[in-house]
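Take a look at the structure below.
The structure displayed is predicted, hence computed values, not measured ones. Atoms considered below: every heavy atom in the structure, side chains included; atoms not considered: hydrogens, waters and symmetry mates. Labels below follow one simple rule: chain letters A, B, ... track the order of the sequence lines, proteins then strands, and each chain is numbered from 1.
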Number of protein chains: 2
Amino acid sequence: MGKIERREALLGDLERAQGLEALQATILALRDHFHVDHMVYHWVSSNGEQFGCGTYSDVWVQRYVDHDYLRVDPVITGCYQRFHPVDWKRLDWSSKPSRAFQAEAIAHGVGNQGFSVPIRGPIGQFALFTTSHNCDDEEWARFTEDNRRDLILIAHEFNEKALELQPGRTPEPSRALSPREIDAMTLVAMGYSRAQVAETLSISEHTLRVYIESARSKLGALNTTHAVARALSRGLIVV
Amino acid sequence: MGKIERREALLGDLERAQGLEALQATILALRDHFHVDHMVYHWVSSNGEQFGCGTYSDVWVQRYVDHDYLRVDPVITGCYQRFHPVDWKRLDWSSKPSRAFQAEAIAHGVGNQGFSVPIRGPIGQFALFTTSHNCDDEEWARFTEDNRRDLILIAHEFNEKALELQPGRTPEPSRALSPREIDAMTLVAMGYSRAQVAETLSISEHTLRVYIESARSKLGALNTTHAVARALSRGLIVV
DNA sequence: TTTCCCCTCCCCTAAAATAGCGAGGGCGTC
DNA sequence: GACGCCCTCGCTATTTTAGGGGAGGGGAAA
């Protein structure tokens, strides 16, 4: 069975996988197939919820969650701004918390090498599919070059599965904002005062407030700043 | 040269493509390789900007832009809420404007069949990679099943290229926020009032103001909401 | 036709944000 | 050791925003 066929077979398995257990089993199979130490699918929702499956030790996962490493991990912060898959070497590990995190991660069995594929879903959903291994730079470069596309496809497939599994997704299906609301929120997010926004949109400030207020309620936000944050996270506005 | 090798060669070409002309040339080569009528990469930003390349006729593209079909096209509205690639048949073409749009599209040479891969970038960027053809359902089903993964990869690759071409990205490298500033901005972005944030962080409200103020000045933001928007856009905080 | 949403305008008060002036201790780098 | 940055706290002042009402016309969809 050639490489291509094995790849196809594994992707087929992944496509047919149903449920969290199946995903967990698939990720183990994938790790074995690629001969790497770890593979992890990690989902981060905009409200801080996390969900994932993979081969990291339970201790490390628990520690990661408990210590809120989400906000420290350079893999997260780095990939959040990028679209293309990224080798961990290209991230910024220079800050002190980053280095401490890195040392701790390695101590918990995470490989010294890593490759993470960021994936984004419809409403600001953000996920990472990470492959990690313990080897030298050359071997890792060869691996990533050889398997880059497969890893992207696997990441894509995992995210599709994860979206299906996600139970309470879109309890409020995040009603779209009206054009005027988008205008208003965009300008507010750009830092203009309400008076300026109203003038820019050629409406009264009172009308503007109605837009902001209705956008806020649509987004389920607690206040204007929160509404702007949510609109941005969900890609409803761009600043 | 077998099909797989041709595919690899084309993906390689795409990876190496530099500039808009190269992308345009690649998309023509891809269309020929897949024996379909049209392939289009279409980038849509929430503020109305559009950018794309593909094989649709100039007349149709112009008409699409002029008539603001973005807000009508079921392919756009449908894919915007999904993650997985979607066959046009599975979209909702029932509304009156949709049907009118569809008829007009077909009259302009767009195929009756279509397959669109949605892609999302870092800050609410949304793009579509569409393949369109004129054939019966059975042939199309066979095509999409055979080439689904390749199309996803191509879409991914196109978006990567498009993001590189996108001007104005990160012109000013903003100074990093301090841990405390990140805490403060994150909680503010989550909609808590200053009093709540201060209590959560166990600091006085005044200290909190200092953080917000210094974050605001670091980010070059006009006000708190603007600062939150910038911090989010730059991936400095996650909400 | 009725209902729902969008757009527009106006009132109010309390809370929040902005702006300026300060202070001191700690930690790391040059 | 000096400098810069981070963390913490104090004060006063003005301006802006938040959030709660209500009201009417228009357009699209059910």
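Rounded to whole Å, the distance from CD on E213(B) to C1' on dC11(D) is 16 Å. Rounding to whole angstrom units, OH of residue Y192(B) and P of dA18(D) are separated by 18 Å. Rounded to whole Å, the distance from CG on L177(A) to C1' on dC6(C) is 13 Å. Distance Y211(A) OH to dC6(C) C1': 7 Å, rounded to the nearest Å. Between I182(A) atom CD1 and dC6(C) atom P the separation is 11 Å, expressed in whole Å. In this structure, CD of Q196(B) is placed 12 Å from C1' of dA16(C), rounded to the nearest angstrom. Between L222(A) atom CG and dA16(C) atom P there is a gap of 13 Å when expressed in whole angstrom units. L201(A) has its CG atom 11 Å from the P atom of dC9(C), to the nearest Å.
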For F158(A) and Y41(A), run ring pair (Phe, Tyr, Trp, His ring centres under 6.0 Å): C-alpha distance rounded to whole Å, both residues' side-chain angles, the deciding distance at 0.1 Å, then the answer. CA-CA 7 Å; F158(A) 258 101; Y41(A) 173 80; 5.7 Å; yes

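Inspection of the S132(B) and Q113(B) side chains reveals no N or O donor paired with an N or O acceptor under 3.5 Å. Checked by atom type, the side-chain pair N223(A)/Y192(B) shows no donor-acceptor distance below 3.5 Å.
Using a cut-off of 4.0 Å between Lys/Arg side-chain N and Asp/Glu carboxylate O, E15(A) and K161(A) are scored as not salt-bridged. Taking 4.0 Å as the cut-off between side-chain N and carboxylate O, R90(A) and D87(A) do not count as a salt-bridged pair.
With ring centers used as reference points, W60(B) lies under 6.0 Å from F101(B). Taking the six-membered ring for Trp, H156(B) and F83(A) have ring centres closer than 6.0 Å.
Checking each of T130(B), V75(B), I76(B) against H42(B) for a side chain to side chain contact (heavy atoms under 4.5 Å, CB included) leaves exactly one that passes, namely I76(B).
Between the two ends of the helix from dT1(C)-dA30(D) to dC30(C)-dG1(D), each summarised by a five-pair axis, the helix axis turns through 70° (rounded to 10 degrees).
Across all non-hydrogen atoms, the minimal contact from R194(A) to L208(A) is O-CD2, 3.2 Å.
Closest to the side chain of R209(A), out of dC10(C), dC6(D), dG19(D), is dG19(D). Of the candidate nucleotides dA16(C), dC7(C), dC12(C), dA16(C) has the atom lying nearest to any side-chain atom of R194(B). Closest to the side chain of R180(A), out of dT17(D), dA16(C), dT8(C), is dT8(C). Across dA16(C), dC6(D), dG20(D), the shortest atom-to-atom separation from the side chain of K218(B) is found for dC6(D). With dC6(C), dC6(D), dG20(D) as the choices, the nucleotide that has an atom nearest any side-chain atom of R216(A) turns out to be dG20(D). Comparing atom distances between the T224(B) side chain and each of dA18(D), dA17(C), dC7(D) picks out dA17(C) as nearest. In this structure, of dT18(C), dT17(D), dA16(C), it is dT17(D) that holds the atom nearest to the side chain of E205(A).
Toward the 5' end of DNA chain D, the nearer of the two residues T225(B) and T207(B), judged by each one's closest nucleotide, is T207(B).
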Any chance you could list the contact pattern along nucleotides 22-30 of chain C? Use B for base contacts, S for sugar-phosphate-only contacts and - for none, protein heavy atoms under 4.0 Å, 5' to 3'. ------S--

